[in-house]
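Here's the structure we're looking at; comments come further down.
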Amino acid sequence: MKTYDFVIIGAGSAGCNVAHYLQKKGKKVAVIDQEGVAGGGSGAAGAFLSPLPGKANPYNTFVNEALAYSLAFYENFAPHAVVKKGVLRIANANFDDGKLSSSAIESRFVSAERLQTLSPNFRKIDGYFYENAAILNPREVCEELLRGSDFYKQDVKELWFEDGFYLFGEVRAKNIILAQGVLKPLVQTPYIEIAPIFGVKIDIKTSTKVPFNIHKSISISTTKSDGTVAIGATKERHNTAKMECLTSCDKCAFYVNTEAGQVETLLREANELIKLEDLEITKVHRGARATIKSYFPVIGKIYDFDASLKKYPSIKNGTKIPPNLLECHQNAYIINALGSRGFVLAPYLAKILGDNILHETSIPKELSSEKLFYKMARQS
Ligand SMILES: Cc1cc2nc3c(=O)[nH]c(=O)nc-3n(C[C@H](O)[C@H](O)[C@H](O)COP(=O)(O)OP(=O)(O)OC[C@H]3O[C@@H](n4cnc5c(N)ncnc54)[C@H](O)[C@@H]3O)c2cc1C
């Protein structure tokens, strides 16, 4: 039997970043995933690291703080896997020129004429250029993050807790962290309602050199060192009530039926921004992002909803019971709902969660599992 301080379920961006953080702090960490490393949503990701423009509000302030932290982290940790050439944002229905130009993040306007001097393949577009943006190789980054931790390929069907340890075959740990993305949670957390947003990203070869990332409703990457360009990503919400599961397996209609239409959409929208010549699709990636209603991700302890309400039924009427008195699944933590920005958010969240577990530092309210627990408890 091999004993670890932490077992993390899920080797996506969330799990790998938390593993790296804890391992660097001297903890013995194992990561388990049924698919291999970055086999879920993370393997399908852009992975574009872009600022969120607009007047400062709690959500874009959080995203932009996370971006600054994560960019510095990746540039230091895996410089070869990061291409940082900025992003040109073109106005769209959600971000009109007013929003882009009055953004809390510094940008500069680039005219259509100026773009033509950079590449005659640019269509008649103009936009706002943000310096602090990049693209990563998601799989390479996840694999590197796991150096120093042990990896086990295993489908964990249920949690087994005995004598103070969680058991996974020949592996055991005192603490577990669930970083499961859209897959069925191993612990009932009715207050964290994960909804998947499915999407397709493609890698292409083209003779057109793309000088920086371009973003409108879809994103086109700058030409990477291997000559490829990534175009991503489509966004498709499914009626989760009708879905048998949220998995990324071949039983899901999305994975069976929708590829051709989605690839067409990506190519059409990309070609409205820049003419991509001698284009050849080299790979199509499909995956699902985990989201919750608030858009914020969720980290923290895993509260036992039913047991806590049984112990303190007055929570339903608004009585304030301190979180340390709630019933928790012992030494179990969650990191999930990273949405469409998993690579932007994960290093930042890993630090906040890691410090919370190791040093009991606080978790900002809007990110905490505790907040979601109380919200649902008071509505029930
Ligand atoms: C098409 C697409 C494009 C995207 N583009 C970007 C982008 O440009 N920039 C960006 O920052 N983000 C992007 N994202 C979002 C990003 O990929 C996600 O936010 C991020 O991958 C979430 O990581 P995760 O670790 O939470 O989940 P995942 O990567 O889905 O990892 C969860 C893992 O848990 C494993 N697992 C779950 N349950 C079990 C179990 N019981 N036993 C064993 N293993 C289990 C799964 O196999 C899976 O590998 C994109 C996502 C998609 C789908």
Side-chain angles (χ1 to χ4, degrees), residues 7-19 30-52 63 66-67 70-71 74 87 133-139 141-142 145 151-159 168-169 176-187 194 196-203 213 215 218-221 230-236 245-249 254-255 258-259 262-263 266 284-292 295 297-299 334-350:
V7 160
I8 299 172
I9 317 285
S13 168
C16 293
N17 270 288
V18 177
V31 178
I32 299 180
D33 198 304
Q34 61 188 18
E35 303 276 359
V37 179
S42 299
F48 294 92
L49 307 179
S50 305
L52 188 53
V63 169
L67 174 71
S70 301
L71 259 177
Y74 291 124
V87 63
I135 183 161
L136 297 180
N137 181 331
R139 212 169 284 272
V141 166
C142 285
L145 286 165
F151 176 77
Y152 298 89
K153 193 166 177 186
Q154 188 183 325
D155 178 5
V156 181
K157 301 273 188 218
E158 60 181 335
L159 291 181
F168 306 90
I176 52 158
I177 300 176
L178 302 185
Q180 293 184 259
V182 296
L183 294 203
K184 189 167 174 271
L186 285 160
V187 169
I194 297 285
I197 299 181
F198 293 86
V200 164
K201 175 201 92 168
I202 55 176
D203 291 330
N213 296 343
H215 179 82
I218 53 118
S219 299
I220 308 169
S221 80
I231 307 177
T234 57
K235 288 188 181 154
E236 201 184 311
C245 66
L246 308 178
T247 69
S248 50
C249 70
F254 167 76
Y255 288 90
T258 59
E259 185 177 301
Q262 304 233 356
V263 170
L266 288 174
V284 178
H285 308 261
R286 293 173 291 175
R289 318 147 172 97
T291 64
I292 54 172
Y295 289 107
V298 54
I299 54 178
I334 189 166
I335 173 166
N336 208 337
L338 276 63
S340 293
R341 295 176 177 270
F343 282 86
V344 177
L345 306 182
Y348 188 63
L349 295 174

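Counting convention: from 1, in listed order, for ligands and their atoms alike. Note that the numbering runs from 1 along the sequence shown for the chain.
The proximity of Leu183 to ligand 1, defined as any non-hydrogen pair under 4.0 Å, is limited to the side chain. At a heavy-atom distance under 4.0 Å, only backbone atoms of Ser340 (N, CA, C or O) approach ligand 1. Contacts of Ser219 with ligand 1, taken as heavy-atom pairs under 4.0 Å, are absent altogether. Proximity of His285 to ligand 1, defined as any heavy-atom pair under 4.0 Å, is not found for any part of the residue. Residue contacts with ligand 1 for Ala233 involve side-chain atoms from C-beta outward but no N, CA, C or O (heavy atoms, distance under 4.0 Å). Residue-level proximity to ligand 1 for Ala179 is carried by the backbone, the only part with a heavy atom below 4.0 angstrom.
Shown in contact with Gly181 at under 4.0 Å from a heavy atom are these atoms of ligand 1, numbered in order with element: 27 (O), 32 (C). Taking a cut-off of under 4.0 Å to the non-hydrogen atoms of Val344, the atoms of ligand 1 that pass are 11 (O). Close approach to Arg341 involves these atoms of ligand 1, each under 4.0 Å from a residue heavy atom: 10 (C), 11 (O), 12 (N). Applying the 4.0 Å criterion to heavy atoms of Gly12 picks out, from ligand 1, the atoms 25 (O), 29 (O), 31 (O). Against a heavy-atom cut-off of under 4.0 Å, Leu338 is close to the following atoms of ligand 1: 19 (O). Ligand 1 places these atoms under 4.0 Å from at least one heavy atom of Ala45: 3 (C), 4 (C), 5 (N), 6 (C), 13 (C), 14 (N), 17 (O), 50 (C). Every atom of ligand 1 with a heavy atom of Phe343 under 4.0 Å away is listed here by number and element: 10 (C), 11 (O), 12 (N). Residue contact check: Gly287 has heavy atoms under 4.0 Å from atoms 53 (C) of ligand 1.
In this comparison of Gly40, Gly41, Gly199, Gly10, the heavy atom closest to atom 34 (O) of ligand 1 sits on Gly10. Distances from atom 39 (C) of ligand 1 to the heavy atoms of Lys157, Gln154, Gln180, Glu35 show the closest one on Gln180. The residue from Pro297, Cys16, Gly232, Ser42 that puts a heavy atom closest to atom 21 (O) of ligand 1 is Ser42.
No side-chain heavy atom of Leu349 sits under 4.5 Å from any side-chain heavy atom of Asn17. You'll find the side chain of Ser340 reaches within 4.5 Å of the side chain of Lys235, heavy atoms only. The shortest distance between side-chain heavy atoms of Val344 and Ser50 does not fall below 4.5 Å. Residues Asp33 and Tyr152 form no side-chain contact, since every pair of their non-hydrogen atoms from C-beta on lies 4.5 Å or further apart. Between Pro138 and Phe343, some side-chain heavy-atom pair lies under the 4.5 Å cut-off. Residues Arg341 and Val63 meet the side-chain proximity criterion, which asks for heavy atoms closer than 4.5 Å.
Looking at Ile32 next to ligand 1, no N or O pair under 3.5 Å apart turns up. Residue contacts with ligand 1: Gly342 is placed with a nitrogen or oxygen under 3.5 Å of a nitrogen or oxygen of the ligand (distance criterion only). Of the N or O atoms in Arg289, none lie within a sub-3.5 Å distance of an N or O in ligand 1. Considering backbone and side-chain N/O of Ala288, none are found under 3.5 Å from N/O of ligand 1.
Protein heavy atom closest to atom 42 (N) of ligand 1, with residue, atom name and distance, is Val156 N, 3.0 Å. For atom 5 (N) of ligand 1, the nearest non-hydrogen atom of the protein is Gly46 N, 3.1 Å. In terms of protein heavy-atom proximity, atom 8 (O) of ligand 1 is closest to Phe48 N, 2.7 Å. Ranking the protein heavy atoms by distance from atom 45 (C) of ligand 1 puts Ile9 CG2, 4.0 Å first. For atom 44 (N) of ligand 1, the nearest non-hydrogen atom of the protein is Gln34 N, 3.1 Å. Regarding atom 49 (O) of ligand 1, its nearest protein heavy-atom neighbour is Asp33 OD2, 2.6 Å. Scanning the protein heavy atoms around atom 26 (O) of ligand 1, the nearest turns out to be Ala14 CB, 3.6 Å. When only non-hydrogen protein atoms are considered, atom 15 (C) of ligand 1 lies nearest to Gly339 O, 3.2 Å.
Thr234 contributes no side-chain N or O that, together with a main-chain N or O of Gly199, makes up a donor-acceptor pair within less than 3.5 Å. Panel note: side chain Gln262, backbone Leu266; no donor-acceptor pair is recorded below 3.5 Å. Put simply, the side chain of Gln180 never gets that close to the backbone of Ile9: no donor and acceptor are under 3.5 Å apart. In this structure, Arg286 contributes its side chain and Val200 its backbone to no donor-acceptor pair below 3.5 Å.
Distance check: Ser13 OG to Ile335 CD1 gives 8.0 Å after rounding to the nearest 0.5 Å. Leu345 contributes atom CG, which lies 5.0 Å from atom CG of Leu338 (distance to the nearest 0.5 angstrom). Atom-to-atom distance recorded for Ile220:CD1 and Ile231:CD1 is 6.0 Å, nearest 0.5 angstrom. The line from CG of Leu183 to CG of Asp155 is 8.5 Å long, rounded to the nearest 0.5 Å. With rounding to the nearest 0.5 angstrom, the CG atom of Leu49 is 6.0 Å from the OH atom of Tyr74.
Checked against Ile177 for a side-chain contact (heavy atoms from CB on, under 4.5 Å), the options Ile8, Ile334, Val31 give a single hit: Ile8.
Minimum heavy-atom separation, Ser42 to Gly12: OG-CA, 3.4 Å.
Ligand 1 has no atom lying under 4.0 Å from any heavy atom of Lys184. Residue contacts with ligand 1: Ser13 is included, with a non-hydrogen atom under 4.0 Å away.
Between Lys201 and Asp203 there is a salt bridge, since a side-chain N of the basic residue sits under 4.0 Å from a carboxylate O of the acidic one.
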